[in-house]
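These notes concern the structure reproduced below.
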Amino acid sequence: MKFDVLTLFPEMFEPLKKSIIGKALEKNIIEVNLINIRDFSKDKHKKVDDIPYGGGAGMVLRPDVVYDAYSSIQNKDAKVYYLSPKGKVLNQKMVKELSKEEHIILLCGHYEGIDQRVIDEIVDEEISIGDYVLTGGELPAMVLIDSVSRYIDGVLNKESIEEESFSNGLLEYPQYTRPENFLGKSVPEILTSGHHENIKKWRHTQSLDITKNKRPDLLSKN
Ligand code: 4GX
């Protein structure tokens, strides 16, 4: 899976080099190619934005600079996603669908908006990561890369995938580790019983109860 990311702040993607996604990048199971939109400015001061036509606060990213950055990507089959609050709100079903694509292009706006003409020209779909306002599309792009990468073969270990398919669409059952007694609270007896079939059933019931109580809306999805 290849992600091309069009951004003014490629340094913001450093955290992806850590932990599970970092390992997947090292193993070349996934690839994240960061394209600095500023590199495509034709201005001697590397300017990429300008004042909005019609007036108003803030600056707007120039369509020509964004278009040239996009055009530097060879694969014309890859879908372009623009991270924006106007988009369809990302959920696990969308994540699963995205993971089937071979090459994804992510367009990040920062501070300012992007000239509508280049959005209309190159963007296939707008995706939001939730109904709140961020300062840029970089964090949403990382959320998308992280959640989609989990479905790529070899990113997660076998056990995690089995647990996920077992609990699919439900919230996680509670986990416990040593010590067996902590602040007067002991670990649920079933978990130390060694009865694997009963443990499995208990965990599933816990998952169902927690989902019913905390997020009943999730039961009608997936
Ligand atoms: N889920 N944002 C995009 C760019 C922008 C700035 C001004 C228009 C006008 C967001 C979200 C999100 C903030 C990313 C605005 N566009 N993206 N950015 N929530 O809030 O995806």
Side-chain angles (χ1 to χ4, degrees), residues 1-18 21 30-41 43 45-73 78-101 103-152 215 217-218 221-222:
M1 164 71 85
K2 181 174 184 177
F3 300 95
D4 276 313
V5 184
L6 298 162
T7 173
L8 283 171
F9 297 95
E11 328 79 55
M12 282 186 74
F13 292 82
E14 283 296 305
L16 288 177
K17 292 179 185 166
K18 305 285 179 191
I21 303 302
I30 60 168
E31 185 186 345
V32 177
N33 181 37
L34 302 168
I35 298 150
N36 192 341
I37 295 169
R38 197 171 299 281
D39 291 346
F40 296 86
S41 168
D43 184 79
H45 300 110
K46 293 278 167 215
K47 204 170 140 67
V48 292
D49 53 10
D50 213 323
I51 54 173
Y53 277 113
M59 301 288 271
V60 179
L61 274 182
R62 288 173 56 116
D64 53 347
V65 180
V66 173
Y67 189 77
D68 288 349
Y70 162 74
S71 298
S72 76
I73 303 165
K79 280 213 171 137
V80 179
Y81 298 96
Y82 176 42
L83 289 310
S84 143
K86 291 178 193 170
K88 191 175 167 204
V89 179
L90 189 67
N91 59 30
Q92 199 64 17
K93 191 179 166 204
M94 289 161 71
V95 166
K96 224 178 264 189
E97 287 300 316
L98 287 165
S99 73
K100 295 172 186 166
E101 293 179 29
H103 183 184
I104 285 174
I105 300 171
L106 302 173
L107 174 59
C108 307
H110 205 101
Y111 305 132
E112 53 254 287
I114 302 178
D115 186 292
Q116 190 60 41
R117 292 168 295 178
V118 73
I119 295 173
D120 294 342
E121 185 65 28
I122 71 170
V123 172
D124 291 288
E125 208 179 316
E126 291 189 40
I127 294 178
S128 167
I129 63 156
D131 294 334
Y132 39 80
V133 183
L134 299 165
T135 56
E138 285 78 12
L139 287 169
M142 277 187 270
V143 165
L144 190 148
I145 291 168
D146 186 284
S147 57
V148 168
S149 296
R150 292 179 68 258
Y151 282 104
I152 307 305
R215 293 292 309 278
D217 57 300
L218 292 179
K221 280 189 190 169
N222 265 315

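Order of listing sets the numbers, starting from 1, for every ligand and every atom in it. Note that these values count all heavy atoms, side chains included, but never hydrogens, waters or copies made by symmetry.
Residue-ligand proximity, Ile127 to ligand 1, at heavy-atom distances under 4.0 Å covers atoms 21 (O). Taking a cut-off of under 4.0 Å to the non-hydrogen atoms of Tyr132, the atoms of ligand 1 that pass are 19 (N), 20 (O). Interface of Val133 with ligand 1, defined as ligand atoms under 4.0 Å from a residue heavy atom, comprises 20 (O). Less than 4.0 angstrom separates some heavy atom of Tyr82 from each of these atoms of ligand 1: 16 (N). Close contacts of ligand 1 with Gly130, meaning ligand atoms under 4.0 Å from a residue heavy atom, involve 19 (N). Near Ser84, meaning under 4.0 Å from any of its heavy atoms, are these atoms of ligand 1: 17 (N), 21 (O). Which parts of ligand 1 touch Leu83 is read off a 4.0 Å heavy-atom cut-off, strictly below it: atoms 3 (C), 14 (C), 17 (N), 21 (O).
No more than 12 heavy atoms of other residues, nucleotides or ligands lie within 6.0 Å of OH in Tyr53, so this atom counts as exposed by the packing criterion. Other residues, nucleotides and ligands place more than 12 heavy atoms under 6.0 Å from the CD1 atom of Ile152.
Considering every non-hydrogen atom in both Met1 and His103, the closest pair reads SD-N, 4.5 Å. The two residues Lys46 and Asp39 make their nearest non-hydrogen contact at NZ-O, 4.4 Å.
For Leu134, a nitrogen or oxygen atom sits less than 3.5 Å from a nitrogen or oxygen atom of ligand 1, counting backbone and side chain alike.
The shortest heavy-atom distance from Leu90 to ligand 1 is not under 4.0 Å.
Each of Ile21, Leu34, Ile30 was scored for a side chain to side chain contact (heavy atoms under 4.5 Å, CB included) with Leu16, with one residue passing: Ile21.
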